[in-house]
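First the proteins, then the strands, lettered A, B, ... as listed; each starts at 1. Note that this is a predicted model, so its numbers are computed, not measured.
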There are 2 protein chains.
Amino acid sequence: MSERSILLVEDDQNLGFVVKDNLELRGFHVDWARNGEEGLSAYKNKPYNICLFDVMLPQKDGFSLATEIRGLDRQIPILFVTAKGMQEDRIEGFKVGGDDYITKPFSMEELVYRIEVFLKRTSQERQPSRYQLGKFTFDYENLLLIKEEFKQNLTQKEADVLKYFADHTGQVVKRESILKAIWGEDDYFMGRSLDVFISKLRSYLKPDSAIEIANLHGVGFKLILNP
Amino acid sequence: MSERSILLVEDDQNLGFVVKDNLELRGFHVDWARNGEEGLSAYKNKPYNICLFDVMLPQKDGFSLATEIRGLDRQIPILFVTAKGMQEDRIEGFKVGGDDYITKPFSMEELVYRIEVFLKRTSQERQPSRYQLGKFTFDYENLLLIKEEFKQNLTQKEADVLKYFADHTGQVVKRESILKAIWGEDDYFMGRSLDVFISKLRSYLKPDSAIEIANLHGVGFKLILNP
DNA sequence: CAATTTGTTAACGACCTGTTAAAAGCATAT
DNA sequence: ATATGCTTTTAACAGGTCGTTAACAAATTG
């Protein structure tokens with residue numbers, strides 16, 4: 001992933017070309033998908049810093065696509081391209097988690113500015129910290145794992161590990177990745193320590209059989225949320 | 001002059017942008033000057049509710065600027081942004097009236113909290129700032145913690161700490177956040193001093209078992225009000 | 001079946017916290 | 001100036017917590 005990579009999903013050939021071309025001129029790396037399906041599989045292939053979705057797309061619209069991508073990464077900032085006159089309420093509903101939108105027609109300067117602001121803001125803003133994990137609500141900031149009446153206090157490190165999984169729900173997470181992200185480096189003992197944490201988290205999550213931290217032997221783990 | 005207008009003088013492009021953008025997101029009006037001269041002429045142009053000056057500026061530094069602006073308005077509250085490790089005495093010397101300072105690096109939450117407290121303190125419509133904490137009434141202005149017949153006098157700092165908790169009831173408050181908000185910075189001894197205050201506050205609050213200042217090991221504290 | 005990886009539990013020890021008391025600051029009155 | 005009374009910081013020590021490590025059982029792989 002380059003420093004500033006963008007996933008553009010736009011069905012209009014002309015607008016798509018112009019946007020991609022201009023953003024690349026300004027130093028962004030842009031992958032351009034023509035429809036929602038293509039966008040989703042591109043996203044699964046590699047991560048991006050920001051998504052730029054036209055709301056009006058054939059088949060899978062921008063909002064549906066956004067919902068699915070949110071399932072893969074709760075953090076990723078999404079900038080919607082909307083047509084003028086669209087009902088504000090529908091857009092507002094999507095402004096959760098730092099999403100934003102830009103209305104057609106727009107100038108390149110405007111778009112680039114919005115992207116810059118967006119990237120800066122999201123890079124230093126504390127990310128939303130409530131996760132829904134099956135029947136549990138995981139409140140990272142307050143180190144709480146809540147199921148109905150019952151509150152389980154977490155330690156900082158337990159919360160860090162669980163957050164890492166929650167941010168990568170359904171994805172394979174390599175031991176190495178978690179260790180580097182949370183412990184800072186990766187050696188045998190830290191690996192064993194991680195196993196102790198996984199064990200603890202599993203015991204916390206036991207009350208909901210729909211959640212599972214699955215091991216992939218020799219690789220890492222995967223947080224699975226069954227429907 | 002809008003209700004909450006801020007003059008920001010900051011030469012660092014990135015920090016300046018981020019601070020301006022974030023404060024605007026939170027409803028402040030921000031004018032951003034890149035150096036002292038620019039700041040001074042902006043100030044002459046229109047009045048502000050609060051000034052936010054980086055101490056280290058090219059040419060005219062934050063203190064000189066402050067001195068000149070004091071010549072125009074002896075009341076205006078000034079919040080200095082200082083680098084860590086700067087000699088306290090130099091800052092102290094410049095702290096006139098209600099001035100204060102914040103040490104880099106700081107989070108937006110910290111900055112906004114400081115500004116809010118600052119504005120509240122200096123604004124005419126001083127709100128009564130009474131809090132209901134279980135069976136206690138906490139009167140911040142008058143430094144009183146009252147339960148039925150019994151009145152406990154608080155010191156200013158005790159009241160500051162308790163107010164910080166009251167403003168964040170039920171939330172995890174990091175040691176670092178309290179220290180930066182109330183002491184100005186965060187070192188080992190200030191941390192221990194905070195512990196002494198917590199201990200004292202706990203003893204004051206003991207008569208009501210529904211209130212608890214809980215410790216989160218290695219993280220901070222949480223004021224819990226049980227129903 | 002042997003080698004390696006993972007799951008689980010318990011013990012250790014570093015570090016963090018609670019509490020009390022003494023020292024240092026600080027403002028006011030003497 | 002010096003004393004006084006109050007607040008805050010520093011010190012000292014007792015306890016507690018949690019991440020790591022160890023130890024062993026169980027699972028996975030080839």
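One interatomic measurement links the two molecules: CG of B:L201 to C1' of C:dT19, which rounds to 14 Å at whole-angstrom precision. What separates CE of B:M190 from P of C:dA24 is a distance of 18 Å, to the nearest Å. If you measure from atom NZ of A:K174 to atom P of C:dT5, you get 16 Å, rounded to the nearest angstrom. Summarising the geometry, the separation between CG on B:N153 and P on D:dG5 is reported as 18 Å, rounded to the nearest angstrom. If you take CD of B:E185 and P of D:dT9, they are 12 Å apart, rounded to a whole angstrom. Rounded to an integer number of Å, the gap from B:I198 CD1 to C:dT20 P is 15 Å. Look at CZ on A:F221: it is 16 Å from P on D:dA27, rounded to the nearest Å. Whole-Å rounding puts the B:N215 CG to C:dC15 P distance at 18 Å.
Across all strands shown, B:Y188 has no heavy atoms under 4.0 Å from either base or sugar-phosphate atoms. B:D195 comes within 4.0 angstrom of a nucleotide base, judged by non-hydrogen atoms across all strands.
Among residues two or more places apart in sequence or in another chain, the side chain to side chain contact (heavy atoms under 4.5 Å, CB included) test is passed with B:K157 by B:T155, B:I182, B:W183, B:F197.
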Contact state string [nucleotides 11-19 of chain D, B base, S sugar-phosphate only, - no protein heavy atom under 4.0 Å]: SB---BBSS

A:V9/A:N35 under side-chain contact (heavy atoms from CB on, under 4.5 Å): CA gap, chis, key distance, verdict: CA-CA 6 Å; A:V9 184; A:N35 60 58; 5.7 Å; no

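Open room surrounds CD on A:E185; 12 or fewer heavy atoms of other groups in view lie less than 6.0 Å from it. More than 12 heavy atoms of other residues, nucleotides or ligands sit less than 6.0 Å from atom NZ of B:K222.
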Determine all donor-acceptor pairs shorter than 3.5 Å in which one atom belongs to a side chain in residues 212-221 of chain B; sequence neighbours excluded.
residue: B:N215; atom: OD1; partner: B:H217; partner atom: N; Å: 3.4
residue: B:N215; atom: ND2; partner: B:G220; partner atom: O; Å: 3.2

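At least one side-chain heavy atom of A:Q156 sits under 4.5 Å from a side-chain heavy atom of A:L143.
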